[in-house]
Structure formats: C-alpha cells, structure tokens
Amino acid sequence: MTRPAAAPVSIRFEHRTGTGPVIGLGTGSPRLSWQVPSAAENYHQVAYEIEIAGEVHTVQSAEQVLVPWPGTPLSSRQNAAVRVRVSDGVEWSDWSEPAVVEAGLLSPDDWTARFVSPRELGAHGRPAPIVSGSTTLPDGIVSARLFATAHGVYLPSLNGSRVGDEELAPGWTAYQYRLRYQSYDVTDLVRPGENTLDFLLGNGWYRGRLGFQNQQALYGDRLAVLAQLEVTTADGETHVFATDDTWTARESQILADDLYDGQRTDFTYPAADPTPVDVLHADLGLLVAPDGPPVRITDVLPAVEITTSPTGKTLVDFGQNLVGRVRLRVRGGNSGDEVVLRHAEVLENDELGVRPLRTAKATDTYVLAGPDEQTLESPLTFHGFRYAEVTGVGNLAKEDLEAVVLGSDLQRTGWFESSDDLLNRFHENVVWGMRGNFLDVPTDCPQRDERLGWTGDIQVFSPTASFLYDSAGFLTSWLADLAAEQHKDGSVPFVIPDVLRDAGPSTAAWGDAATVVPWVLYQRTGDRSLLVRQLPSMRAWVDRMTELAGEDLLWSGGFQFGDWLDPTAPPEDPFRAKVDPDVLATAHLARSAEIVGWAADLAGDAESARQYTELAAKVRAAFAAEYTTEGGRVLSDSTTAYAMALQWALLPTADQRKRAGQRLADLVRIAGFRISTGFVGTPLMTDALSDAGQPDLAYRLLLQTSCPSWLYAVTMGATTVWERYDSMLPDGSINPGEMTSFNHYALGAVADWMHRRVAGLAAGSPGYQHLAIHPLPAAQLTRAAAHHLTPYGEASVEWTRSDGRFHLVVTIPVGATATVQLPDGSAPLEVRHGKHEWTVADPHSDVPPLGSDATIRQLIDHEPSWQSIVSTAVEAGVANDEAQLAGRLEHYLDAPATKLVDLAGGNFSPAAEAVRERLDSLLTPQ
Ligand code: BGC
C-alpha cells in the first residue's frame, strides 16, 4: 500500500532554525513543527505521533505547527532524538529523520561559574582584555559543552581555536532584564590534559557608545565574562570548569574598539604578564537562552573596483551597501606603518561621503609589525558601508580586499520577482536593508550614531520582514525586551533596548510596535502563545494611549513623531508632515484597541475582548465625529490621513469610504504620482488604493521613477532602501537633512504589498494555514511571482500575461488550503495542497482609447495619453515635469480634457500650442 503522505521533514523546536542538532534551548518542553513534503490529493492529517527518545506519543489532531511537547520536559543539558509521523486515519507515513534537541541551562542554579572581570586592566579607553583560564581534563572525553556570556561582546577560543561562529555575542538585549548566554558544542576542541579558554572582550553595546547624545557605558563600566565548560567522559562523569578567581587577564593588541567609531589594533603592542580578575556579583537570574539565530558572517563580497579620488585617496567599491567590515591582506610593510580604513555608504563629489555618519568615526586602524603577509580584520566592530578609503597600503589590488557581511543569521523565507528590472532591484534593496538592520536588534540604520531598535521602524516593517526571513525567534526576543522595558504607566520607549531613557515616551506609531508586531507575528507564524505572552504589554500600551486621550478619546497635543519624513517636510524638520499629528494619534489608538480586542479573544479572555473592542468602536466614533465629514473628507486632507482612515475602518458609512477613496486617488493624481507619505502612510498607500478599487494608481505610484518615489533611488544606483526618498538628491549631492541614511528599511515596507497583492501571496489565516491568493495584474508588468516558506512548507504564486491571456500557477503546501481569486471577476475558488494552474482572459490585453469627451481625471488615468501630454508639455517648456502639470490641474479634474491647456495656465504661451495639438490628436475619435 502506498503511503498517504511522505515522511515529515524540517522538524523544528520553537522558532529555532538551521541544520543539525539544536542545543542550548531555553525550554525543556519546546513546541514542535514539521512539514509534509507531499501527500495524496485527498490526504488530511487526523493524527500525529511524536517519538521522544524511543517513547511514542500519539495525538489525534490536524495540527502540525507549534504543537505542544507531548513528553516529560527535558531537564537542563538533557537531549533527545525526536521523530514524527502523521496519519490520515487509515495509514501512517514513514517516520521523519530524527532531529536532536538539547536543553540549555534552565535554572540559575545550573551555573557554578561567576562573572569575572579584569581587576587592573580593561578600563574604558584601555586595550581590550583577554580573560583566560586553564584546566586539566582526563582521558575518555565523550562530549563537551561551553556555556558563556559577557558584559560587553566576547570572542571565545579553546586551545587557540575559535569556538563557534557567532559574532558579537552575546548580542544586544535589555541587559538590565535579560542577558543571553550561548551554548557551544566543543567536543572537537577539548583534549585530555591541559586546556585553555580565552575570551577576548570588547565594549560592544554594553560599554561602547550608543545613541546620538554621545552616551557610553550605559549598562556598566566593567567588562566581564561568565563561562562554564562541561565535559562528559566515558565513565559518565561530568567535569565542570568555570570562571572564578583563578582566571587571569591580559591585554590584547586591540587598543580601542567601539561599534560606532571602529577598532584600533597595534601589532607592535608588547605582551605582558597575566593579572588577576575580580569575581563580580551579577544576577544569574537574568540569563536567557537565545530565541533566534545569532549574528554570523552571512556573506563575503569581493571588491568590485579600486579608484583614486580627486584629492588622491584610494577608494574601494564593494558594489553593495552592506553591514560588516573589510578584510584586507597586506604584505611588505614596515614595523610601525599605519593602515587606515574609513567607511561610507556613498560618495559625494567622488570622495567618501561621511557626513551622514554624523559622529560615528567608522574607522579601523592597524599598526603593522613588519613585512609578513597578514590578514587584517576588526572583529569588535561593524560598519554600514559600500565604499572604503584605504591609506597606508602600497600597490593595493582588488584581490586583497573583501567585505565581510554581518547580520542575524535568519533563514530566508520569501522571494519576489517581476518583469520589471527596476522593481526587482528595489526588492533586492529591501532584502539588503533587512540583512543589514537585523543585526540582533531590529535597527533604524546600521551606520551612523544610532543603530537603535526604533520601535516605529519595525512596527511598519514587520510584515515585510516576516515574509522575507524567518523573523519569529528574533522578534520574540525583541518583544520580550519591549515588555521588560515598558514603563509602569504603559509607555513604550522610543527605542528597544531603551538607551534614550526618556522619562515619558509615548508617541503613536512608535509605541504601537507593542501591539502591531505581536499581531503581525501571530498572523504570519500562527504563534498564539506569543500573543498571549505579550497581551499584558499590548493592553498596557492601549491603556496608556487611552489615558492620554482622556474622556473624549481623542489623543491630541503632546509629542508625536507623526508621519515622519513626509517627503514634503523640509529636510531640517522631518516632523512637519501634512497629516495632523492628532488625527494620526487617534487613528492609532483605534487600531491598537481593536488588535488588543482580537488578541484577548484568542487568549480566551472574553471580558477584555469585549472591553477593547468596545473601546475601539468608541474611538472610531470619536474620530469620525471630530475629524471626518459626511462627504468622506478627513481632516488635514492628506494621503496618509485617507490611507489610515480607509485601512483602519475609521469612516462609518460606505458612502464616506467610497468618497474618501476617490479623494485619496485624486490626491495621488495631482501629486503626479509622486509618493507623498512618510513612515506611517507609506506602508498603507498601495493597499488603500487597491482596496478602494484603484490598483492602477497604486502601480503608477509603485513604478514611478521621478523623485520622490520608491524607484527613484534605484535609478540613482541605490543598493539598499534609503531613509528618505531623496537621501541623495537628483544632482548627486547628499540631502542636507540630519536624517539621511542610505540604509533604513521603513520606506521599504511597501514590499509587503508587492508580495501580497502584486504577486498575490497572502496569509488568509494565521500561520498561512489558509492562503489568500489574489494577484493584481498590471498593464505595466507581464509577470510577477512570489514564493514563501510558510510554516507548512513552500507556497508559490506566479502569473504571466501574454497573447491576451492571463496565466496563474499556484503551489500550496500540504496542510494548508487557499482561496484563489482570478482577475476575470469569476467566483473565488477553494483549493488544497498541490500545484494548480488557470488561464483566463488578460484584463489588460487592450487599452481602450481615450474618449473625446474625457475629463482631465480620465486623461490622467489613461497612462499613455497622459505621458504623451506630459512629455509634450515639458518639451514645449510649459511645465517642468509631470508633478507640476498635475498640480496645476488640482481644481479641474472634472473639467473636459479639451480644456487642459487653458486650465493648466498655458493659455497665453505660444508654446502651449504644441500641447493643444497633441491633445486634439489624442481626443479626436479615430
Ligand atoms: C531614526 C528613525 C526613527 C526616528 C524617530 C531617527 O533618528 O533613524 O528611523 O524612527 O529617529 O522619529
């Protein structure tokens, strides 16, 4: 008999990804997930069996994602081989391959180690210390584990060999509440006899500079390490060697290290004798195991070009704006020669453009000891750069340089592609922006004196992030920090970990990370426990907003970032957006109250669910009464205001919604399809337009290449998403504003719409158990495709348009179902796992000509005609560009297109005749 389903694969414990045994898990009863790579057409899972260390547990259930651990919880250090098989009620599949899981140190009592810190060395501003200890081990070693963490960042080695491949461990958490420890399998590094452990300690986030207010040593002024080596021998004995007062410290040749400023290494610096350490009394109750992957080297890129700048500097281009450091091979120097590397994301006037780095020096220096060939790299720092300026090296060759890419080693799970190369490059830029800014904490930017976990940025980017990479473990950890650092009154710090330490941090869209990020993760991963865990934090934030809003439930006045970096705000005043901050704040209160209502319901708390749902309804009513008109206008009449009102159901009647959608569309038209939204409005715009029945206008925005737009940066050679649409101005100069990074993911949040609506691959229920496949074909694209490794397995959507036909191919993983909506207006189809294909008429096969009675609005919407008018007008000199011409027509959209020249103010110019003629030819029926 053939099996109904193939053996399960990809057995996962909690949100840990990667291959090989999972060690150091922070729980003894991890939830399990698996995927079934293929199954018979009518297969439905009705039961599963989990075998843990030979003991089989049978569970009647259709679930396969994050199912509860069925056995006795593992104790600290205990490991087990786990296998899974599934059944349709008739027949079992084969067993999966075994997956090995091992618990970490689950209780503070498991540690005999104590934090030790150099007594005489290692003060701030002094060389980075190395803390060492030696022990003698017997014969018959079977296995060995090293558990370690630090105040600062550490680089461990055992008997001279590097332990593991983690970078900048233990990473960055809210150290006052949570400090991660790492678990390493060091069986291959230990040996009978003498063994030595060395820990190089850097300032990292613990003691280095953090934030733009020149703060440092925010968590303490002493570097320290905690380490415990546990070696099991064949006789069953465990030999524990742990940090204590017998360890010693010495200076390394790293004379200075800082994440912002870089590292200085002097290979002539003399070695000195070991000195004593102090045992520190630190709370081991703060130790936690990692939830997600560590920071690693995720890529190594070759140098693309070496050039000489106008002032004679040697510049290296790595072809990609990235985060990491330069690896440089040198030879032939003299002792005492200095090699200096400065970094920047862009060039200005063909020189390194370092102004956007603000006070971050981003400079690595090496003092050479002699002519021998040597590879230089600075492991205690990282930079955001595409270019490096190198001094002190003669005959520099491309082959001598590499860029080492650093980031949290997340599993890639999402891809997008289309027939438009610029759009594909934009998507690639979004991916690179995430790679650089998911460096243990979701940061705003990776290069200047910030690199902070700005809440607003990840609030808007989390949907995109969770599609592109498995971000569940990474964000689970960050949300634990958020909850830990939330103020008693519910305020959410602007950045997590909170290094700004503002006394009363409450601002809409930023604080809403507390509600939105857990909700997004639940939608994308199906992790209900996470939602339940975050619920108190989510409620506290909504309670805080409600308190700030007061009795009328309108949150007005006070500090707001608002629609940050609205492109019409002046460079020096990113707060000055078109949307009224009060409108924005109350809209967020309604949205977050609603999310808390849903979350409480899922947590089984019916009373809170009722309470917050009612609060959301009341806030909506207050919003509608204060900020909207019966005709669907929203106060401040800006695109962001309409996008929020439409997407968050803030307009009570269908007629208001319809008219608000029309007004939004008109605002987009009169802006000449230039984007007009900041951090808040940007992720909503294309959804708002497409949901309002204007997908063509959403595409006009998306595919715009003039400034400001998403693709403008691509036409300027961008390889990451910029902080502002015009971080680099059309003339190649760097925007004079302080907020000018070239690697900020927030504005890339539109990629989520590209995945869900351009390609059409969306989660229809939590964890993609049901998929909503509803692509929006565009006249400008002949193909779009996305695929995503959902918790159930790979789902994909690809559509093509050719010869008047629209062809759709969809793959649904086993365990999931989908609703497919074809663009021919036919009824939605329900499908199960497997590959499905449809061909229907292409909705864009022929563009109907413009009618002779067309209005100006219809003319603008008719892209080929409008483009021809715009180019004629620009050529004739009656308008500078599309935006200017469209802006002049603001009040005449309903007027006949035949009147365009008179209405656009070109009446008296003889040059306008050309436009009039063009118009006549377009509007004359053929
Ligand atoms: C950061 C932003 C952040 C903002 C607050 C900036 O300095 O880079 O991305 O959200 O401050 O408005």
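Source: prediction; values computed, not measured. Counting starts at 1 for both ligands and their atoms, in listed order.
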Please set out all donor-acceptor pairs under 3.5 angstrom arising from side-chain atoms of residues 497-508, sequence neighbours excluded.
unit_1 : atom_1 : unit_2 : atom_2 : d
Asp498 : OD1    : Leu500 : N      : 3.2
Asp498 : OD1    : Arg501 : N      : 2.9
Arg501 : NE     : Asp498 : O      : 3.2
Arg501 : NH1    : Leu218 : O      : 3.3
Arg501 : NH2    : Leu218 : O      : 3.4
Asp502 : OD1    : Gly504 : N      : 3.1
Ser506 : OG     : Ser491 : OG     : 3.0
Ser506 : OG     : Arg544 : NE     : 3.3
Thr507 : OG1    : Gln560 : OE1    : 3.1
Thr507 : OG1    : Phe561 : N      : 3.2

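- Residues passing the ring pair (Phe, Tyr, Trp, His ring centres under 6.0 Å) test with His755, sequence neighbours excluded: His427, Phe467.
- Comment: Arg591 does not engage Asp512 in a salt bridge, judged by the lack of any side-chain N to carboxylate O separation of less than 4.0 angstrom.
- Remark: the Thr720 side chain and the Asn429 side chain contain no N/O donor-acceptor pair separated by less than 3.5 Å.
- The protein residues lying under 4.0 angstrom from ligand 1, judged by non-hydrogen atoms, are Asp444, Arg448, Glu450, Trp454, Asp457, Trp510, Phe561, Trp564, Phe679, Glu723, Met739, His744.
- For Asp409, the salt bridge (charged side-chain N to carboxylate O under 4.0 Å, His left out) partners are Arg296, not counting sequence neighbours.
- The closest side-chain donor-acceptor pair between Asp731 and Ser733 falls under 3.5 angstrom.
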